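Quick caveat, the model's predicted, so the values are computed rather than measured.
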Amino acid sequence: MSANTALQAEAHAGAIAAAAAHVNIAAYKFVTFDDTEAMRPQYQEICARLGLKGTILLTPEGINMFLSGPRGHIDEFMAWVRSDARFADLEVKESLSNEQSHKRMLVKIKKEIITMRMPLIKPEEGRAPFVDAATLKRWLDNGVDDHGKPVVMVDTRNDFEVDVGTFDHTVDYRIKKFTEFPEVIAAHKDDFEGKTVVTFCTGGIRCEKAAIHMQNIGYDNVYQLEGGILKYFEEVGGAHYTGDCFVFDYRTALNPKLEPTETVQCFVCRAVVTPRQQLAPEYVYEQSCPQCFKPD
């Protein structure tokens, strides 16, 4: 690459970053969090003061957050969060957007970070083995793991999320909600004999719980994808992945460059509507989509 071309590319990247006025972060950690009631107003106060938008879940098993705001405000918030020793090592996944990815700010107290209704699963007491993005890409490039075992990807997300995009040749059980996963994966245990299983989800929470459950019921060689699809996109791009990644905010889906796509959710039925489906006559903005359209 010539010096001029390199400078032009750098300037272009800088212009994109400047235009993207907001940083969107996703983060979670499983850890004992027994003072959620006392901490909730503190989280509410700092988010209001910094003008952040998104959702924070405070639960006895840990924290989960999706937030959006200017870089300086996000950095100040994360410095405050990490001042709590329990969250000093909290890792975040980032993307950029021109607008805040959420329209309001909610701090909720829940029983679980992600509902699975399996109280014996406690990630804080010991995680399932994890595989990072670069290692997974190498495994998928080769078709086998470092021990020569075939690698099988298992999607732990809901069916409508999978339809937006997923890893190539993934196992998809078409679940409607995560609470269905424990039963369905137990019923198919024999399918994975002699194989290495990698569970994955959007940001890592569901696949972390899923991998622990699979270990608990006797799966011998199961991993979770560290940081989920978003971290994979951030570190290695879209290799071995087809489509986009559904996210639970106004952007609806991100491509492997972590850019918002033209995919939307129907205002009426909340179904995912792809750009091609938006061309159908049944799609009328804020009125109907091909999934919910009812002819007169």
The salt bridge (charged side-chain N to carboxylate O under 4.0 Å, His left out) partners of Asp244 (sequence neighbours excluded) come to none
Step by step, would you call Glu76 with Arg49 a side-chain contact (heavy atoms from CB on, under 4.5 Å)? CA-CA 11 Å; Glu76 182 177 343; Arg49 176 169 61 81; 3.0 Å; yes
Item to complete: Indicate yes or no: at least one non-hydrogen side-chain atom of Val171 is less than 4.5 angstrom from one of Phe192.
Response: yes
So OG1 of Thr36 and NZ of Lys110: to nearest 0.5 Å the spacing works out to 12.5 Å
The side-chain hydrogen bond (donor to acceptor under 3.5 Å, both in side chains) partners of Lys195 (sequence neighbours excluded) come to none
Under-4.0 Å salt bridge between Asp163 and Arg174: yes
For Tyr241, the hydrophobic cluster (side chain heavy atoms closer than 4.5 Å, chained through members) also holds Val131, Leu136, Trp139, Leu140, Val151, Met153, Phe167, Val198, Phe200, Tyr223, Leu225, Ile229, Leu230, Tyr232, Phe233, Val236, Val247, Leu254, Leu258
Residues pairing under ring-ring contact (aromatic ring centres under 6.0 Å, His included) where one sits in residues 36-85, two or more places apart or in two chains, turn out to be Tyr43-Trp80
Contacts of Glu94 meeting salt bridge (charged side-chain N to carboxylate O under 4.0 Å, His left out) (sequence neighbours excluded), chain-then-number -> Arg71
Report task. Step by step, work out the side chain to side chain donor-acceptor pair (under 3.5 Å) result for Ser97 and Asn24. Result -> CA-CA 7 Å; Ser97 62; Asn24 310 297; 3.0 Å; yes
Members sharing Leu279's hydrophobic cluster, built from side-chain contacts under 4.5 Å between Ile, Leu, Val, Met, Phe, Trp and Tyr, are none
Apart from Tyr283 itself, members of its ILVMFWY cluster (side-chain separation under 4.5 Å) are Val264, Val273, Tyr285
Residue pairs passing the ring-ring contact (aromatic ring centres under 6.0 Å, His included) test with at least one member in residues 84-113, sequence neighbours excluded, are Phe33-Phe87
His169 meets the ring pair (Phe, Tyr, Trp, His ring centres under 6.0 Å) criterion, sequence neighbours left out, with none
- Query: Are Arg86 and Asp35 within salt-bridge range, i.e. N to O under 4.0 Å?
  - Reply: yes
From the list Glu234, Arg251, His22, side chain to side chain donor-acceptor pair (under 3.5 Å) with Ser95 holds only for Arg251
Across all chains, not counting sequence neighbours, the salt bridge (charged side-chain N to carboxylate O under 4.0 Å, His left out) partners of Asp191 are none
Thr242/Asp168 under side chain to side chain donor-acceptor pair (under 3.5 Å): CA gap, chis, key distance, verdict: CA-CA 6 Å; Thr242 299; Asp168 298 338; 2.6 Å; yes
Is there a side-chain contact between Glu226 and Lys231 (heavy atoms, below 4.5 Å)? no
Residues at least two apart in sequence or cross-chain that pass salt bridge (charged side-chain N to carboxylate O under 4.0 Å, His left out) with Glu91, listed by chain then number, are none
Residues 247-273 vs ring-ring contact (aromatic ring centres under 6.0 Å, His included), sequence neighbours excluded, gives Phe246-Phe248
